[in-house]
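Here the structure is a predicted model, which means the values were calculated and not measured. What's counted below: heavy atoms across the whole structure, side chains too, no hydrogens, waters or symmetry copies.
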Amino acid sequence: MSKGAQSATPSVIKSAHRVLAILEYFQERRRSATVGDIAAALRLPQSSASMLVKSLVSLGYLEYGEKSRLLRPSYRVALLGNWIQKSFFKHGPLTDTMEAIQQDIGETVVLGRQNGPLMQYVHIVDASYAVRLMIQTGTLRPMTRSALGLILLTQRPEHQIRAIVRRNNADTDDSGLRVNERALLAEIDDIRVQGYAESKGRMIASASTIAMLVPADKKGTPLAMGVGGPIDRISRRREEIIDVLRRHLASLAADTG
């Protein structure tokens with residue numbers, strides 16, 4: 001995480017945020033690491049990182065190699081969310097669908113959920129291209145300027161959308177980034193009809209993402225999935241990306257039916 005474990009919001013207990021940041025570190029890097037690696041990546045004091053790691057090892061969430069001095073998540077971590085994915089989809093975890101989309105299209109595939117007035121990335125499968133969309137798990141974006149946020153807004157009533165627009169606008173100091181409420185409501189109506197949203201450089205000028213809703217149990221938290229990359233490449237492959245997303249998400253819809 002580029003901003004490290006120090007970037008927790010004021011309402012989050014620092015120690016809780018740091019523990020989860022360590023687990024997310026392994027999810028992003030997908031390899032064993034030393035305490036020093038973790039401390040450097042998350043911008044933690046070495047002593048704090050050591051104490052947190054020792055606690056996670058004692059609780060069985062991390063494994064430690066005495067000879068290699070390398071740490072890695074235990075099988076206990078792998079099982080934590082297993083029941084959630086199984087309760088939504090019969091034929092495999094949602095991450096498998098993301099991997100399949102990435103294999104088909106080659107671009108970065110992202111999964112996100114609403115977090116208050118923001119959209120938060122909860123899982124990312126990196127592109128196979130050298131020049132690609134670079135996002136890290138846990139990153140927050142304004143709902144009104146991200147493709148995943150826009151498609152998630154289609155699930156909200158008008159008064160909630162208006163409240164989120166006003167909050168996002170109030171949170172930016174750049175007047176050029178503020179969203180026109182009436183225009184956004186009209187765009188949300190269009191997105192509901194077409195079934196997908198596009199960022200087209202609104203969040204990152206050089207990048208674009210195309211996003212759709214993930215079909216799931218109505219009792220679950222709404223999720224959105226998108227494909228993102230350099231704006232010119234995404235624009236050129238727009239129809240292909242929409243087709244790939246629709247095909248894979250339709251398979252998920254059959255699983256949840």
Side-chain angles (χ1 to χ4, degrees), residues 1-85 93-99 102 107-116 118-142 146 148 203-204 207 209 221 223 225-226 228-229:
M1 303 171 114
S2 60
K3 293 184 179 179
Q6 303 293 345
S7 61
T9 57
S11 61
V12 177
I13 298 171
K14 186 182 291 185
S15 58
H17 183 267
R18 287 177 170 178
V19 165
L20 294 175
I22 289 173
L23 296 179
E24 288 183 348
Y25 165 85
F26 284 106
Q27 190 275 330
E28 291 172 5
R29 305 302 170 92
R30 302 189 181 191
R31 61 177 181 267
S32 301
T34 64
V35 174
D37 293 333
I38 295 168
L42 302 182
R43 301 180 187 177
L44 291 172
Q46 183 89 11
S47 58
S48 297
S50 295
M51 290 177 63
L52 290 168
V53 162
K54 285 180 181 178
S55 295
L56 288 169
V57 170
S58 296
L59 292 168
Y61 290 106
L62 291 182
E63 296 174 350
Y64 178 69
E66 294 290 344
K67 293 183 178 180
S68 66
R69 296 187 178 182
L70 290 174
L71 296 145
R72 60 176 294 165
S74 70
Y75 193 63
R76 186 176 184 184
V77 172
L79 293 174
L80 283 175
N82 193 44
W83 69 274
I84 299 174
Q85 296 220 50
L94 187 54
T95 50
D96 286 359
T97 298
M98 295 178 69
E99 295 280 357
Q102 195 278 335
E107 300 287 357
T108 299
V109 183
V110 293
L111 182 71
R113 61 181 285 273
Q114 183 177 352
N115 186 342
L118 303 172
M119 187 283 300
Q120 185 171 38
Y121 294 104
V122 296
H123 187 66
I124 295 158
V125 179
D126 283 330
S128 53
Y129 295 101
V131 179
R132 60 188 187 273
L133 180 64
M134 298 290 289
I135 303 174
Q136 293 174 326
T137 303
T139 299
L140 295 163
R141 300 292 198 210
S146 62
L148 274 70
M203 193 66 244
I204 302 172
T209 297
T221 300
L223 297 171
M225 190 180 295

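Tested against Thr137, the residues His123, Gln120, Gln27 include a single side chain to side chain donor-acceptor pair (under 3.5 Å) partner, Gln27. Of the residues Ile124, Thr108, Thr209, the one that meets the side chain to side chain contact (heavy atoms under 4.5 Å, CB included) test with Ile135 is Ile124.
Considering only heavy atoms from C-beta on, Ile204 stays 4.5 Å or farther from Met134 through its side chain. A heavy-atom distance below 4.5 Å is not found between the side chains of Glu63 and Ser32. Arg18 places none of its side-chain heavy atoms less than 4.5 Å from the side chain of Leu42. Taking 4.5 Å as the limit, some side-chain heavy atom of Leu223 sits within range of a side-chain heavy atom of Leu94.
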TODO: Please step through side-chain contact (heavy atoms from CB on, under 4.5 Å) for the pair Gln136 and Tyr121, ending with a clear verdict.
DONE: CA-CA 7 Å; Gln136 293 174 326; Tyr121 294 104; over 6 Å; no
- [ ] Take Asp37 and Arg29 through the test side-chain contact (heavy atoms from CB on, under 4.5 Å) and record every step on the way to the result.
- [x] CA-CA 11 Å; Asp37 293 333; Arg29 305 302 170 92; over 6 Å; no
Would you mind writing out the side-chain donor-acceptor pairs for residues 44-55 within the sub-3.5 Å range, not counting sequence neighbours?
{"unit_1": "Ser50", "atom_1": "OG", "unit_2": "Gln46", "atom_2": "O", "d": "3.0"}
{"unit_1": "Ser55", "atom_1": "OG", "unit_2": "Met51", "atom_2": "O", "d": "3.1"}

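The two atoms that bring Arg31 and Phe26 nearest to each other are O-CD2, 3.5 Å, heavy atoms only. The minimum heavy-atom distance linking Val125 with Glu99 is given by the pair CG1-OE1, 3.8 Å. Of all heavy-atom pairs between Val109 and Met98, the closest is O-CE, 3.5 Å. Residues Ile38 and Ala33 approach most closely at CG1-CB, 4.3 Å, considering heavy atoms. The nearest pair of heavy atoms linking Ser128 to Gln102 is N-NE2, 3.2 Å.
Sparse packing is recorded around CZ of Arg72, with 12 or fewer heavy atoms of other residues, nucleotides or ligands lying under 6.0 Å away.
For the atom pair CE of Met203 and CG of Leu133, the computed distance is 11.5 Å after rounding to the nearest 0.5 Å.
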